[in-house]
Amino acid sequence: MSDVATHRKHFLSDKVSHFTESVIREMTRQAMVHGAINLAQGFPDFPAPAEIKQAAQEAIAADINQYAITWGAKRLRNAIARQMQAGQGVPVDPETQVTVCCGSTEAMISTLLAICNAGDEVVVFEPYYENYGPDSVLSGAAPRFVKLRPPTTNGGEWTFDERELRAAFHKHTKAIIVNTPNNPTGKVFTRAELEIIRDLCVEFNVLAVTDEIYEHILYDGTKHISIASLEGMQDRTITINGMSKTYSVTGWRVGWTIAPPRVTDGIRKVHDFLTVGAPAPLQEAGVAALSLPESYYQNLAEGYRKRRDRLIPVLSEAGFQCFIPHGAYYVMTDIRRFGFADDLAFTQHLVREIGVAAVPGSSFYRDPRDGAQQLRFAFCKREETLDEAARRLKKLQA
Ligand SMILES: Cc1ncc(COP(=O)(O)O)c(C=O)c1O
């Protein structure tokens, strides 16, 4: 049967027929089946801050159980606007610029659905967080990939070629997605790099959609810069963020967009028809979360730095070449020394025989061959979990 006939028979849309299942989520399922330590999916296995759990419980006890305003509870939008102003110096009107969504995942798809038409292109750096490809396709746009190249020196940074980036911009370019701090590379974009992106956005009249959910997870003195804070970008940036990573509550599903009023108007309409709203009591807990003192964020980053510095020597000793992350909580590795045919074969060996789950590098690239000798590990785990992973990885022979 031809491909078209097969899809007709199964009643699937052409869009969805191109999607593969999320590899990251699949690896979590495999970790459970094989009793493996899950260093695949980026969710913490330790508790969320007591204050915010308490705030969620109190909100439910106080019967905050019905729909919040579709674009977000006022108190939470106010807190989001305050945080953006305090952290990045960007003034935000919570009434016209903030939309609370079901996680930054929904924030991203609502944004792309609000801004893209069929025939538009969206520039995406690769390796990339795997949702961005399907998100672009769902919105009718075509992703256009620009390579981030791995560091050539120990502790160096992933970089892009300015000319290659410029060549990706043209009259059909609607937006560029920037994820900083970056998953999977751990790259933190510098001001100079963001300025290059800014200049192209202005020259080609393009929007920047920035995924900043790891903004507080930074190492080695790096600083997070929101592209919206650069001159000329406030009116052409959609900043996406959320509670998942900063407050260790990936299952709560609270995220948001900050965007110029006209774009916000579009995002709010899409968001309303897609999900109506994010969980109301957890939005109240979000107010408590965004009121935590500065020391909370320092401890968060320091805790992850320690985990990074625990896992990397273990991986290096086992035979992985590690690309040191300067932000977020993943480490990309080169697996060439192990001599496996590809990342999929090696990931299967790891999860079944060694008892550690990781994500095959190919899931972060359009052309799987580009990631066929890479693997990503997440280190957002308790010390005991990392110790057990270390014990198991000793069985691995490079
Ligand atoms: C870059 C990036 N964006 C978005 C998400 C999903 O975030 P949320 O839980 O807010 O939907 C993840 C989760 O791993 C991520 O790594």
Side-chain angles (χ1 to χ4, degrees), residues 22-28 31 38-45 48 52 72 76 80 98-113 122 124-136 138 143 148 158 175-189 208-218 224 226-227 238-258 267 271 274-275 277-279 282-283 285-286 289-290 304 325-332 357-359 361 363-365 376-381:
S22 156
V23 180
I24 298 176
R25 267 87 78 189
E26 167 59 20
M27 286 316 300
T28 287
N38 187 356
L39 302 188
Q41 200 173 356
F43 61 83
D45 67 350
I52 73 166
L76 179 57
I80 292 165
V98 178
T99 309
V100 178
C101 296
C102 296
S104 59
T105 300
E106 194 240 318
M108 180 60 76
I109 187 65
S110 288
T111 298
L112 293 179
L113 285 168
V122 175
V124 178
F125 289 105
E126 74 169 349
Y128 58 93
Y129 173 57
E130 62 175 353
N131 280 35
Y132 302 153
D135 281 350
S136 310
L138 284 174
L148 289 175
W158 293 69
I176 177 167
I177 296 179
V178 183
N179 170 217
T180 183
N182 185 262
N183 171 14
T185 63
K187 175 180 175 62
V188 180
F189 282 69
V209 181
T210 78
D211 180 338
E212 305 187 2
I213 64 163
Y214 298 103
E215 73 162 317
H216 295 289
I217 303 176
L218 298 164
H224 171 68
S226 284
I227 201 164
I238 297 97
T239 306
I240 291 176
N241 212 324
M243 292 179 66
S244 284
K245 313 290 177 173
T246 305
Y247 306 107
S248 308
V249 286
T250 58
W252 282 19
R253 315 309 305 133
V254 180
W256 53 84
T257 61
I258 300 173
I267 293 171
H271 158 73
L274 271 183
T275 65
L282 304 183
Q283 292 193 47
L290 272 72
Y304 280 125
H326 301 297
Y329 50 47
Y330 306 97
V331 53
M332 266 298 241
V359 180
S363 63
F364 302 103
Y365 292 87
R376 188 201 77 175
F377 292 87
F379 54 83
C380 45
K381 307 294 170 185

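Worth saying up front: this structure is predicted, and the values here are computed from it rather than measured. Every heavy atom of this structure was used, including side-chain atoms; hydrogens, water molecules and symmetry mates were not. For ligands, and for the atoms within them, numbers begin at 1 and follow the listed sequence.
- Applying the side chain to side chain donor-acceptor pair (under 3.5 Å) criterion to Tyr214, with sequence neighbours excluded, gives Lys245, Tyr330.
- Aromatic ring pairs are classed by plane angle as parallel below 30°, tilted from 30° to 60° and perpendicular above 60°; the pair Phe379 and Tyr329 is perpendicular.
- Here the straight-line distance linking atom CG of Leu39 with atom OG1 of Thr28 works out to 10.5 Å at 0.5 Å rounding.
- Between Gly186 and Pro325, the closest heavy-atom pair is CA-CB, 3.7 Å.
- Under the 30°/60° scheme for interplanar angles, the aromatic rings of Tyr132 and Tyr129 are found to stand perpendicular.
- Considering all non-hydrogen atoms of both residues, His326 and Val188 come closest at O-CG2, 3.5 Å.
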Show the distances, to 0.1 Å, for all pairs joining an N/O atom of ligand 1 and a protein N/O atom that are shorter than 3.5 Å, listing one pair per line.
unit_1	atom_1	unit_2	atom_2	d
ligand 1	3 (N)	Asp211	OD2	2.6
ligand 1	7 (O)	Ser104	OG	3.0
ligand 1	9 (O)	Ser244	OG	2.6
ligand 1	9 (O)	Arg253	NH1	2.7
ligand 1	10 (O)	Ser104	N	2.7
ligand 1	10 (O)	Ser104	OG	2.7
ligand 1	10 (O)	Ser244	OG	3.4
ligand 1	11 (O)	Ser104	N	3.3
ligand 1	11 (O)	Thr105	N	2.9
ligand 1	11 (O)	Thr105	OG1	2.5
ligand 1	11 (O)	Arg253	NH2	2.7
ligand 1	14 (O)	Tyr214	OH	3.4
ligand 1	14 (O)	Lys245	NZ	2.8
ligand 1	16 (O)	Asn183	ND2	2.7
ligand 1	16 (O)	Tyr214	OH	2.6

